[in-house]
Number of protein chains: 2
Amino acid sequence: MRVTIKDIAKKAGVSITTVSRVMNDKLGGISQETKERILKIVEEMNYQPNALARSLVTKQSLTLGLVLPNISNPFFPEMVRGVEDLANHHGYSVFLCNTDDDEEKEKHYIQLLKEKYVDGIIFSSNSRYSEAHYEILQKAHIPFVLIDRGEEDGNSPYNGVFIDNEKGAYLATKHLIDLGHEKIACMTGPKEVGTARRRILGYQKAMMEANLPILLETGNFRMKDAYTSAKKLLPSNEISAIFASNDVMACGIYQAAYELGMNIPKDLSVVGFDDIQLVEALTPKLTTIRQSSYTLGKTAAEMIIQDLKKAKKETKVVKLDPELVIRQSTRSIK
Amino acid sequence: MRVTIKDIAKKAGVSITTVSRVMNDKLGGISQETKERILKIVEEMNYQPNALARSLVTKQSLTLGLVLPNISNPFFPEMVRGVEDLANHHGYSVFLCNTDDDEEKEKHYIQLLKEKYVDGIIFSSNSRYSEAHYEILQKAHIPFVLIDRGEEDGNSPYNGVFIDNEKGAYLATKHLIDLGHEKIACMTGPKEVGTARRRILGYQKAMMEANLPILLETGNFRMKDAYTSAKKLLPSNEISAIFASNDVMACGIYQAAYELGMNIPKDLSVVGFDDIQLVEALTPKLTTIRQSSYTLGKTAAEMIIQDLKKAKKETKVVKLDPELVIRQSTRSIK
DNA sequence: TTGTAAGCGTTATCAG
DNA sequence: CTGATAACGCTTACAA
């Protein structure tokens with residue numbers, strides 16, 4: 001049996017109330033002497049309060065739920081780390097839930113988290129935008145904040161933290177334009193995915209500003225598809241640069257270029273999006289748009305924890321700025 | 001206020017005991033009629049039992065703690081996924097804890113997990129083997145299983161799941177030998193790290209069996225160090241193959257070879273270790289040793305959950321078999 | 001087939 | 001400065 005507050009009280013010859021007070025540093029006013037005596041016994045008996053019992057009465061579990069599609073997707077680990085760091089810093093623990101973008105699993109987890117009495121949920125939903133997900137969340141009556149996905153409708157009625165995807169794509173494209181490129185293709189993600197759409201928008205904006213022709217080619221956010229598309233695209237056009245709307249696709253393009261005997265950046269400049277770790281291992285190192293998923297996670301955790309403290313809730317949406325990281329896959333052709 | 005068992009009982013005109021019984025499918029014998037009535041009300045009022053309260057009396061939280069150095073390390077996400085999948089399958093949730101290999105944090109988290117009343121802990125400790133970590137765990141009196149790290153002393157007194165590192169290195173080296181290579185170098189990790197040492201052992205075993213000369217070069221498990229070492233090593237020797245004891249170092253070797261104008265696999269065969277995701281994005285694709293971290297996680301979770309069910313505890317150590325994945329970075333020179 | 005009541009380990013209220 | 005005692009939401013003998 002585990003040591004409980006009762007055991008401490010008995011051994012110290014005081015009431016459990018008193019023990020509770022010293023454990024929680026309640027100002028109540030406890031003589032220095034008893035305080036020290038109790039603390040010593042606590043130490044001796046290696047007593048740790050039962051958080052379950054405590055939460056039952058205080059009505060807060062100091063626990064958050066983190067719901068995301070799949071931690072194995074290289075985008076998420078950093079984000080998780082951000083969440084965990086900040087949560088822990090504020091005394092919160094976090095439950096990790098992988099949904100595989102499956103609505104049934106999402107439902108299941110939200111219910112589970114509710115049973116576990118989490119104080120808040122950080123939620124990254126299915127890529128395909130759907131009100132349904134958020135309804136489930138709403139119904140659970142647990143404060144939540146969306147993360148990464150769900151940016152699409154500007155005036156979101158929910159708390160959220162996102163990356164400014166349009167801006168990122170704009171920066172990437174602008175970089176190529178500034179280097180003197182004119183035939184610049186955009187390898188896109190699936191059109192139904194919000195982040196993919198926003199990136200296309202950013203590309204188009206930059207191209208239109210420079211009065212250059214739009215050239216879209218779909219790669220579905222996948223290495224293989226990007227490889228295939230590039231294999232077709234590159235030989236037939238005089239494209240001198242590609243903006244790949246994620247890094248994984250940039251890898252596919254690297255492969256295609258390699259097989260076509262094209263040198264990057266000599267014959268082809270490439271910019272990616274994400275700045276996932278592997279990108280530094282490529283030859284040449286990939287110039288890309290960094291979206292700090294760590295900051296994303298940290299910000300989301302911060303938001304929800306602050307929210308929990310406040311009485312009056314207000315909806316807040318944060319958009320983080322992406323950043324161009326110039327490495328070796330682009331070159332000036334002026 | 002949240003709906004409680006009382007609310008349901010009142011609305012259904014029964015005692016809370018009865019409600020509890022239907023919620024838990026206790027055989028007790030409940031009339032079909034009342035059962036259905038209660039279930040309907042539960043549905044209507046969207047009632048979910050409070051797991052905290054339940055755990056308080058049942059003495060089990062259906063919760064596990066997963067303690068690891070850093071989820072951002074590309075080795076872990078898959079492992080986490082394995083743990084989570086299996087845990088969830090058995091109705092367990094998991095708390096994620098990042099320790100950064102810091103002993104203070106480890107202590108902190110173990111205490112926290114104890115407070116949260118987790119039923120078991122899956123623990124991946126500091127690379128440097130130290131009894132201290134395990135003592136802390138022991139003292140918490142929570143069942144635990146070590147994962148990945150801690151393999152070193154064969155007759156471990158603790159439950160654990162590991163990869164057979166020696167065997168993996170042996171397989172890698174043997175593969176190169178079978179291809180006809182004779183001057184095979186081994187790029188090693190830090191000698192103090194157990195996994196690194198075991199991989200050296202495997203390499204040496206294969207080389208000695210074939211009567212070939214040992215050639216060790218340290219790369220510290222890091223890309224940059226491997227790059228530097230390779231840059232020095234490759235020009236001066238007639239090395240035709242390298243076994244890199246992790247994939248990240250293989251990347252460094254790729255870079256060095258590229259800059260030295262050596263073609264992989266024409267001029268140099270390379271085998272890695274880990275099979276991290278990025279490896280398929282390399283050109284040419286890396287031949288490597290796959291250690292299924294997913295299985296690692298899954299097995300660990302399985303072990304601890306089984307352990308929780310049993311009355312008589314017995315220490316168990318599982319060693320998983322690594323697997324050679326042949327891709328395009330090696331070639332026969334017979 | 002159902003209900004009463006004790007108890008899980010805490011905190012919070014109120015009294016002294 | 002300290003202590004009874006109720007309460008949190010649930011499960012589980014034991015009764016009926």
Side-chain angles (χ1 to χ4, degrees), chain A residues 1-39 41-42 45-63 91 111-112 114-119 141, chain B residues 1-39 41-42 45-63 91 111-112 114-119 141:
Chain A
M1 273 292 76
R2 250 160 83 159
V3 181
T4 76
I5 198 171
K6 263 189 200 159
D7 302 318
I8 304 296
K10 189 185 283 177
K11 186 127 178 196
V14 296
S15 72
I16 59 170
T17 309
T18 303
V19 176
S20 173
R21 281 194 185 109
V22 315
M23 290 306 290
N24 296 291
D25 257 340
K26 289 281 178 195
L27 331 155
I30 301 232
S31 77
Q32 192 61 20
E33 186 218 4
T34 45
K35 181 174 168 183
E36 274 165 13
R37 182 159 41 98
I38 290 174
L39 250 23
I41 295 176
V42 164
M45 303 186 70
N46 189 24
Y47 165 65
Q48 272 128 261
N50 181 329
L52 266 34
R54 184 200 311 238
S55 298
L56 193 56
V57 18
T58 61
K59 302 274 186 204
Q60 60 165 343
S61 62
L62 290 179
T63 288
Q111 168 162 347
L112 197 71
K114 189 174 172 192
E115 289 182 1
K116 297 275 192 197
Y117 230 90
V118 299
D119 297 330
H141 295 291
Chain B
M1 274 292 77
R2 248 159 83 160
V3 181
T4 76
I5 197 171
K6 263 190 201 158
D7 302 317
I8 304 297
K10 188 185 283 176
K11 187 129 178 195
V14 297
S15 73
I16 59 171
T17 310
T18 303
V19 177
S20 172
R21 282 194 184 108
V22 310
M23 290 307 289
N24 297 292
D25 255 340
K26 288 281 177 191
L27 329 157
I30 303 239
S31 78
Q32 193 59 23
E33 185 218 4
T34 45
K35 181 174 169 183
E36 273 164 15
R37 182 159 40 96
I38 290 175
L39 249 23
I41 294 176
V42 163
M45 302 186 70
N46 189 24
Y47 166 65
Q48 272 130 263
N50 180 330
L52 266 34
R54 184 199 307 233
S55 298
L56 194 56
V57 19
T58 60
K59 302 275 187 205
Q60 58 165 344
S61 62
L62 291 179
T63 287
Q111 165 160 350
L112 197 71
K114 190 174 172 192
E115 289 181 3
K116 298 276 192 197
Y117 231 92
V118 298
D119 296 330
H141 295 290

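By convention in this document, chain letters (A, B, ...) are assigned in the order of the sequence lines, proteins followed by strands, and residues within each chain are numbered from 1. Quick caveat: nothing in here was measured; it's all calculated off a predicted structure.
Here A:T4 lies in heavy-atom contact (under 4.0 Å) with sugar-phosphate atoms only. Residue contacts for A:T18: at a heavy-atom cut-off of 4.0 Å it reaches the sugar-phosphate backbone alone, with no base atom in range. Within the nucleic acid shown, B:I16 comes within 4.0 Å of at least one base atom, counting heavy atoms only. B:Y47 comes within contact range of the sugar-phosphate backbone alone, with a heavy-atom separation under 4.0 Å but no base atom that close.
With hydrogens and angles ignored, no donor-acceptor pair closer than 3.5 Å exists between the side chain of B:R2 and the base of D:dG9. At a cut-off of 3.5 angstrom, the base of C:dA12 holds no donor-acceptor pair with the side chain of A:S20.
In this model, the phosphate group of D:dC1 is not approached by any side-chain N or O of A:K35 to a distance below 4.0 Å at OP1 or OP2. Look at B:T58 and you won't find any side-chain N or O under 4.0 angstrom from OP1 or OP2 of D:dT11. OP1 or OP2 of C:dG9 sits under 4.0 Å from a side-chain N or O of B:K59. Phosphate contact (OP1/OP2 of D:dT2, side-chain N/O of A:T34, threshold under 4.0 Å): present. Note on B:N24: a side-chain N or O is less than 4.0 Å away from OP1 or OP2 of D:dT11. Residue B:S15 has no polar side-chain atom (N or O) positioned under 4.0 Å from OP1 or OP2 of C:dT4.
Nucleotide C:dT11 holds its P atom 13 Å from the CD1 atom of A:I8, rounded to whole Å. Here D:dT11 presents its P atom at 5 Å from CZ of B:R54, a figure rounded to the nearest Å. When the C1' atom of C:dT11 is taken as reference, atom CG of A:L56 falls 10 Å away, rounded to whole Å. In this entry the distance linking CE of A:M23 with C1' of C:dT11 reads 13 Å, nearest Å.
Two end axes, each from the C1' atoms of five base pairs, can be drawn for the helix from C:dT1-D:dA16 to C:dG16-D:dC1; they diverge by 40°, to 10 degrees.
The side chain of A:N50 lies closest to C:dG9 when the candidates are C:dC14, C:dG9, D:dC10.
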